[in-house]
Amino acid sequence: MTGYLLRRCLGAVVVMWAVATLVFFMLRIVPGDPLSAMLFDAADPAAADELRIKFGLDQPLPVQYAKWFWLVLQGDLGNSIYGSRIPVSQILIEAAPRTFSLAVLAFVVSVLIAIPAGLISALKRGQPIDHGVTFIAFLGLSMPDFWLGILLIILFAASLGWLPAIGYEPLSNGFWPWLSHLILPAIAAGTAFSAIIARMVRSSMLEVLKTDYVRVAAARGLTPWRVVMGYAFPNALIPVITVMGIAFGLLMAAAVVVETVFAIKGLGRILIEGILNRDYPVVQGAILAVSFIFVFVNLLVDVLYVAIDPRIRIE
């Protein structure tokens, strides 16, 4: 088991290095540089060259990469090229809790919808309720999150006035202000993923319900609830947890659109603004932050495999 976890941790480190390297070089392959966006065509060439030297953009790419990667290893992500040259780490510290809160709440929403829906659909296979759940799942999967977000704002914020339409309140200002600002974006972001998880729960449960040990448990006279929750559902969790881990990572990416609709300045908004401004340090830092969360969640999923599946512990 220790070897299994060590291999997964080493793999996570390699993935983070690959992401950092890929992001660094891809940003610089695109024609132009931040100074072109800042100074436009009217800039003095001498002034532009001076700024390139100041930001180190005149050096060969391998040299720029080596210096940047060495600073990243020390926890220094650099400063934003625009504005007051704010450290990227400070920008991420302010933005990451907003995106992470949104992703966690959206994940909770998707799981609370998906698990019961998938179980009911599997246990009532072929019946009208199964077809209804399947239809609703595909309906939720087909709705764009930005469109659903706009509908939620119109209904619950503009028409009914139950919830705020835009913005974010930190948890330090109170639980309800924090939750009320995140309910609508969490529903908008989590609905599509609830459909994906529900379909996985259904298909996994249908496979497990056909196994001999489930039939033996039912033949022993155990109640249907105990058979499902004590024998079938735990053994159906492995593929479901895999999809959940991927879904959480994708929720971090989906936050880019949802944060724009609900005016939440999280990692998604920071990333979009950095791309538009060609602010290399901010873009690199935002992508590294999202990638780290994604890799960490998948590493956590691997740890859960060990806790759930005894075969992995034995191996």
Side-chain angles (χ1 to χ4, degrees), residues 82-83 91-118 120-121 129 132-199 244 247-277 279 282-283 286 289-290 293:
Y82 288 83
I91 297 175
L92 297 181
I93 288 173
E94 294 177 358
R98 304 176 185 184
T99 300
F100 190 72
S101 297
L102 173 58
V104 168
L105 195 58
F107 180 76
V108 171
V109 169
S110 62
V111 169
L112 289 179
I113 296 174
I115 298 298
I120 293 172
S121 184
I129 190 170
V133 170
T134 301
F135 174 76
I136 294 173
F138 280 114
L139 183 65
L141 187 61
S142 63
M143 288 191 297
D145 46 11
F146 70 88
W147 179 76
L148 179 58
I150 293 172
L151 289 183
L152 293 173
I153 289 175
I154 293 174
L155 177 59
F156 293 102
S159 299
L160 299 176
W162 290 354
L163 296 167
I166 59 174
Y168 173 82
E169 286 289 336
L171 188 58
S172 58
N173 291 349
F175 179 75
W176 174 244
W178 171 81
L179 182 62
S180 63
H181 282 81
L182 289 177
I183 290 177
L184 297 184
I187 294 175
T191 299
F193 293 98
S194 68
I196 297 173
I197 297 173
R199 297 300 299 171
M244 286 182 179
F248 186 85
L250 294 176
L251 279 170
M252 299 292 296
V256 174
V257 177
V258 175
E259 286 175 359
T260 302
V261 173
F262 289 90
I264 300 173
K265 196 167 184 178
L267 291 175
R269 286 281 299 277
I270 294 298
L271 180 60
I272 293 297
E273 292 175 1
I275 292 173
L276 294 176
N277 295 329
D279 195 341
V282 170
V283 175
V290 174
I293 296 174

Which donor-acceptor pairs under 3.5 Å do the side chains of residues 151-163 make with protein atoms, sequence neighbours left out?
residue : atom : partner : partner atom : Å
Ser159  : OG   : Ile154  : O            : 2.8

Can you name the nearest heavy-atom pair linking Leu148 to Ala188, along with the distance?
-> CD2-CA, 3.9 Å

Does the side chain of Leu171 reach to within under 4.5 Å of the side chain of Ser101, using non-hydrogen atoms?
-> no

Could you tell me the separation between the CG atom of Leu112 and the CZ atom of Phe107, rounded to the nearest 0.5 Å?
-> 10.0 Å

Val111 to Pro116 - nearest heavy-atom pair and separation | O-CD, 3.9 Å

Determine whether Val104 and Phe248 make a side-chain contact, defined as any pair of heavy atoms from C-beta on separated by less than 4.5 Å.
-> yes

Which residues pass the ring pair (Phe, Tyr, Trp, His ring centres under 6.0 Å) test with Phe175, sequence neighbours left out?
-> Trp178

For Leu267 and Thr99, the nearest pair of non-hydrogen atoms, with its separation, is N-OG1, 2.6 Å

Does some side-chain heavy atom of Leu182 sit less than 4.5 Å from a side-chain heavy atom of Ile264?
-> yes

Counting only N and O atoms by type, is there a donor-acceptor contact under 3.5 Å from the side chain of Ser180 to the main-chain atoms of Trp176?
-> yes

Smallest separation among heavy atoms of Leu92 and Pro97, with atom names | O-CD, 4.1 Å

Is the backbone of Pro177 close enough, under 3.5 Å, to the side chain of Glu169 for a donor and an acceptor to pair up by distance?
-> no

Run the numbers on Leu105 and Leu179 for side-chain contact (heavy atoms from CB on, under 4.5 Å), then give the verdict.
-> CA-CA 9 Å; Leu105 195 58; Leu179 182 62; 3.7 Å; yes

Considering all heavy atoms, the nearest Ile270-Ala95 contact = CG1-CB, 3.8 Å

State the CD1-NZ distance between Ile91 and Lys265, to the nearest 0.5 angstrom.
-> 8.0 Å

For Ile115 and Met244, the nearest pair of non-hydrogen atoms, with its separation, is CD1-CE, 3.6 Å

Taking the side chain from Ser121 and the backbone from Gly118, do they hold a donor-acceptor pair closer than 3.5 Å?
-> no

